[in-house]
Amino acid sequence: MSNAIEYELKGDIAVLRANNPPVNALGHAVRSGLIAGLERAESEAKAVLIVGAGRTYFAGADIKEFGKPLLEPGLPGVCTRIERSPLPVISAIHGTALGGGLEVALGTHYRIAVPSAKVGLPEVHLGILPGAGGTQRLPRLVGADKAIEMITSGRHVSAPEALELGILDEVEEGEVEAIGLAYAQRILDAGLGPRPVGQMPRPEVVDFDTAYEAAMKRGRGQIAPATAIRSIEGACHKGIDAGLEHERNLFMALLNSPQREGMVHAFFNERAVSKLPELKGVAPREVSAIGVIGGGTMGAGIAVAALLSGLDVTMIERDADAAKAGAERVSDILQGSVKRGKLTNEKFDAIMAGRFRASDSYEALGDADLVIEAAFEEMGVKKTIFAELDRVCKKGAVLASNTSYLDVNEIAASTSRRADVLGLHFFSPAHVMKLLEIVVAADTAPDVVATGFALGKMMRKIAVRSGVCDGFIGNRILKTYRTCADHMVLDGASPFEIDTAMTAFGFAMGPFEVADLAGLDIGWATRKRLAPTRDARERVATYADKMCEAGHFGQKTGQGYYVYEKGKRGGTPDVNVTALIEAERRELGITPRAFSQDEIQRRYMCAMVNEAAKVVGEGIARRPLDVDMVLLFGYGFPRHWGGPLKWADLQGLDGILADIQSYAKEDDFFWQPAQLLERLVAAGKTFDDLNKGDTV
Ligand code: 3HC
């Protein structure tokens with residue numbers, strides 16, 4: 001028998017103990033071990049207990065096996081084999097019973113868990129549906145509506161809730177194997193036998209069509225949740241065997257889909273992105289108290305993120321009034337967390353009374369282990385601040401700038417301790433957004449970089465390493481695809497058509513809606529800053545400048561590309577913008593042409609991929625996966641495509657390069673193909689090959 005399942009006979013009860021660290025994923029060895037253990041138990045025991053060693057029950061199928069040839073026994077067969085055992089089979093659950101893990105538990109006849117355990121069917125987050133009976137057995141226990149909610153959201157359900165729903169039979173404090181054995185003994189003592197969920201009555205039919213439509217709409221192109229609903233529907237109409245077959249067919253179609261590849265890429269790389277080979281063995285510096293310079297939206301958000309991760313925070317503003325306003329902002333955000341039930345009143349009081357202070361004096365930063373500057377985005381301002389930090393901060397303190405564009409080398413040079421300086425680029429609102437770009441300057445010490453990543457982990461951010469360039473990874477790529485959108489507008493597309501096309505692609509918002517949200521003055525300031533060094537061949541749309549000159553800065557002024565009415569969600573297209581665009585086209589002598597949704601999406605994505613390839617080629621991002629995670633966690637890129645470079649791999653790089661080359665016939669300045677892309681196509685390789693260590 002495989003070591004992945006330990007077998008032990010304890011009296012009348014055979015214990016099948018999974019031992020496949022770290023999460024007891026149900027790989028081939030575990031599945032065969034379960035079958036072998038069951039067979040042996042049936043020859044010598046009266047009941048079977050399935051339990052996990054280490055930190056958890058089974059956390060699901062082994063995701064690393066997806067896309068490889070399926071090895072027998074498959075998980076659906078294992079669950080059915082367990083369900084059909086003549087002996088009562090009991091699951092004792094701790095940690096997480098997720099996906100295939102919960103499906104194994106649903107195949108067993110009785111389920112007990114410790115109170116801290118969580119169960120769920122999160123398969124849709126991997127682009128698939130529960131494919132080992134989850135869509136058939138769960139609705140028999142909880143009803144179709146609840147099953148739809150759990151499976152389409154993929155949420156983790158706590159043991160007490162699972163007990164209430166009927167997924168668990170008992171919840172008990174204690175050591176998991178001990179409570180499992182005692183429960184199994186009670187079942188034997190009561191003379192109870194197998195109780196197969198698959199033989200329970202079919203769930204009642206609900207309004208599946210409405211649920212399907214809603215899931216399609218919410219999914220913004222992601223098909224797994226809606227497909228799962230069709231599988232649950234099967235449970236209402238079919239017996240268990242036919243229902244399982246229906247589920248299997250839908251599961252296999254999703255397993256072989258590009259969306260599954262994209263989602264699994266996202267799953268592994270959101271974990272891989274912060275593990276840098278060069279930081280192996282490098283200890284981060286100790287951080288327990290931090291300083292934040294600036295109490296505006298960004299500074300306050302950073303302060304809150306730090307406070308919620310247990311750090312002490314000192315906020316510095318230019319005078320007492322500004323410090324007070326900054327403190328109020330922090331307090332307001334934290335109060336919001338209290339209202340949403342995420343923070344208790346006691347914790348709020350403790351933070352505001354003991355762990356947070358605002359001051360107008362840099363001297364208050366003497367004890368700070370790390371300082372994050374989130375002041376006005378101007379080099380002169382940054383240099384003055386860093387000179388002050390150099391003066392007041394203790395030796396070894398890490399000095400970070402939250403700049404989104406500026407040269408971190410130049411900022412570091414305004415101190416006498418360049419090795420301690422790096423960029424920590426948060427995204428607004430900083431206490432919500434997951435992305436943190438860690439900008440490594442020429443002289444940043446490795447343990448300072450490690451400290452940035454350690455801070456990211458404490459704050460539960462997705463931290464990505466970036467080199468220094470204008471806009472770093474994310475904003476540099478954003479600038480390029482936004483420019484591509486502007487060119488399409490000049491040539492005949494409307495901003496609203498572009499927003500519609502890109503939300504249909506799967507983005508949460510289109511580029512013009514995003515601009516309205518961020519404030520049009522930001523882009524305006526960038527355009528002015530870059531104007532002196534702009535290449536004469538660059539096509540620049542100026543209608544947006546005219547909007548700004550008229551004081552239309554987007555949502556905050558009630559008008560931008562869209563008009564926003566008080567109390568209404570979202571905006572309606574502003575006709576004045578159309579007039580400005582038409583005037584600019586006339587001035588430039590452009591005869592507008594129609595753009596199909598496909599063409600808009602293709603050009604926009606080609607621009608994004610091309611710039612991303614340059615960012616990787618120049619070493620600003622070390623790996624394609626770094627770019628993918630930046631776009632996923634900071635820019636609303638649809639997760640089911642895995643990121644722009646995974647998307648590109650899935651489309652075929654040769655086709656993308658060919659399209660870029662054809663667009664270059666119209667504008668060979670903007671559409672200069674990235675050399676890395678050309679090399680990959682020539683070598684017949686993908687971006688993902690580079691993630692795996694290949695070179696071209
Ligand atoms: N398969 C393979 N590896 C897995 C895995 C799985 N199902 N789940 C986690 N891992 C790996 C992670 O990649 C990570 O590896 P690393 O250390 O090399 O980076 C390691 O296990 C530890 O994982 P985390 O860092 O995520 O540990 P946490 O303690 O933070 O979280 C967890 C644990 C909640 C179990 C989380 O890992 C998780 O959500 N895992 C995925 C669960 C899941 O989606 N299950 C369903 C799988 S699909 C399925 O079952 C199909 C079936 O219906 C047929």
Side-chain angles (χ1 to χ4, degrees), residues 4 18 20-31 34 52 54-68 70-80 82 93-107 116-138 147 150-158 224-225 227-228 231-232 244 247-257 259-261 263-277 280 434 453 457-458 460-462 625 629 639 691-692:
N20 185 29
V23 296
N24 287 325
L26 286 146
H28 179 248
V30 178
R31 299 195 304 271
L34 281 170
R55 64 199 241 206
T56 186
Y57 189 77
F58 310 101
D62 188 340
I63 304 169
K64 291 196 190 83
E65 289 183 356
F66 290 0
K68 297 186 182 151
L70 292 173
L71 291 175
E72 290 298 336
L75 198 53
V78 171
C79 295
T80 299
I82 293 171
I93 300 171
H94 74 303
T96 45
L98 298 176
L102 179 57
E103 291 174 300
V104 168
L106 294 174
S116 58
K118 292 203 165 66
V119 305
L121 294 173
E123 282 87 344
V124 294
H125 298 308
L126 298 167
I128 52 174
L129 53 77
T135 66
Q136 305 303 300
R137 294 191 178 97
L138 184 68
M150 272 182 67
I151 291 172
T152 57
S153 70
R155 79 184 167 94
H156 296 185
V157 175
S158 70
T227 312
S231 190
I232 298 167
L244 286 172
E247 176 191 84
R248 194 70 192 156
N249 291 336
L250 295 174
F251 172 83
M252 287 310 293
L254 290 177
L255 188 70
N256 294 323
S257 72
Q259 295 203 357
R260 189 275 301 160
E261 271 196 63
M263 296 289 256
V264 169
H265 177 80
F267 177 85
F268 282 119
N269 290 321
E270 70 183 303
R271 288 166 173 77
V273 73
S274 305
K275 292 178 189 155
L276 301 191
K280 227 175 169 188
K434 294 282 279 176
F453 277 95
K457 196 167 178 196
M458 283 169 96
R460 299 186 174 185
K461 302 283 182 205
I462 300 292
L625 71 90
M629 296 308 110
R639 190 176 168 95
N691 289 329
K692 292 175 183 129

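Start at 1 and go down the list; that is how both ligands and their atoms are numbered.
- Side-chain contact check for M252 versus L70: some heavy-atom pair is nearer than 4.5 Å.
- For atom 11 (C) of ligand 1, the nearest protein heavy atom lies 4.0 Å away or farther.
- In A61, the parts holding a heavy atom less than 4.0 Å from any atom of ligand 1 are both the side chain and the backbone.
- Put simply, part of R55 is less than 4.0 Å from ligand 1, judged by heavy atoms.
- At a threshold of 4.5 Å between non-hydrogen side-chain atoms, the residues R260 and L254 do not count as touching.
- The ligand atoms of ligand 1 that sit less than 4.0 angstrom from a heavy atom of F66 are 48 (S).
- If you number the atoms of ligand 1 from 1 as listed, the ones under 4.0 Å from a heavy atom of L126 come out as 44 (O), 47 (C), 48 (S).
- At a 3.5 angstrom cut-off on N or O pairs, G100 counts as close to ligand 1.
- Test Q259, E270, H125, H265 against R639 for side-chain hydrogen bond (donor to acceptor under 3.5 Å, both in side chains) and you get one pass: E270.
- Separating the CG atom in L34 from the CD1 atom in I82 is a distance of 5.5 Å, to the nearest 0.5 Å.
- Contact check for K64 versus F268: side-chain heavy atoms found under the 4.5 Å cut-off.
- Residue D62 comes nearest to A25 through the heavy atom pair CA-CB, 3.9 Å, listed as atom of the first residue, atom of the second, then distance.
- Annotation: atom 43 (C) of ligand 1 to nearest protein heavy atom, A59 O, 3.6 Å.
- You'll find the side chain of K68 stays beyond 4.5 Å of the side chain of H28, heavy atoms only.
- By the 4.0 Å heavy-atom criterion, P130 is counted among the residues contacting ligand 1.
- Here L121 contributes atom CG and L106 contributes atom CG; the two are 7.0 Å apart, rounded to the nearest 0.5 Å.
- Atom 26 (O) of ligand 1 has R271 NE, 2.8 Å as its closest protein atom, hydrogens excluded (heavy atom only).
- Screening V78, N20, V104 for a side chain to side chain contact (heavy atoms under 4.5 Å, CB included) involving L26 leaves a single residue, V104.
- With rounding to the nearest 0.5 Å, the separation of OG1 in T96 from NZ in K118 is 9.0 Å.
- Contact analysis puts K275 in contact with ligand 1, with a non-hydrogen atom separation below 4.0 angstrom.
- When each atom of ligand 1 is checked for a heavy atom of F268 under 4.0 Å away, the hits are 13 (O).
- Residue-ligand proximity, G99 to ligand 1, at heavy-atom distances under 4.0 Å covers atoms 46 (C), 50 (O).
- Near V23, meaning under 4.0 Å from any of its heavy atoms, are these atoms of ligand 1: 4 (C), 5 (C), 8 (N), 9 (C), 10 (N), 21 (O).
- Shown here for T152 and P225, the closest heavy-atom pair between the two residues is CG2-O, 3.6 Å.
- Residue pairs meeting the side chain to side chain donor-acceptor pair (under 3.5 Å) criterion with at least one partner in residues 247-257, sequence neighbours excluded, are T135-E247.
- Of the protein's non-hydrogen atoms, the one nearest atom 1 (N) of ligand 1 is I63 N, 3.0 Å.
- The protein reaches atom 53 (O) of ligand 1 closely, with a heavy atom under 4.0 angstrom from it.
- For atom 2 (C) of ligand 1, the nearest protein heavy atom (residue, atom name, distance) is D62 OD1, 3.3 Å.
- The shortest contact between atom 39 (O) of ligand 1 and any protein heavy atom is with L98 CD1, 4.0 Å.
- Atoms of ligand 1 lying under 4.0 Å from any heavy atom of P22, numbered from 1 in the order shown and given with element: 20 (C), 21 (O).
- In this structure, atom 32 (C) of ligand 1 has no protein heavy-atom contact shorter than 4.0 Å.
- Listed by atom number, the atoms of ligand 1 under 4.0 Å from E103 heavy atoms are 52 (C), 53 (O), 54 (C).
- Polar contact check, G131 against ligand 1: a nitrogen or oxygen pair lies under 3.5 Å apart.
- Taking CG of L250 as the reference point, atom CG of L129 lies at 6.0 Å (rounded to 0.5 Å).
- Note that OG1 of T227 and CD1 of I128 are 11.5 Å apart. Values are rounded to the nearest 0.5 Å.
- K64 NZ, 3.9 Å is the protein heavy atom nearest to atom 3 (N) of ligand 1.
- Close approach to E123 involves these atoms of ligand 1, each under 4.0 Å from a residue heavy atom: 48 (S), 49 (C), 50 (O), 51 (C), 52 (C), 53 (O).
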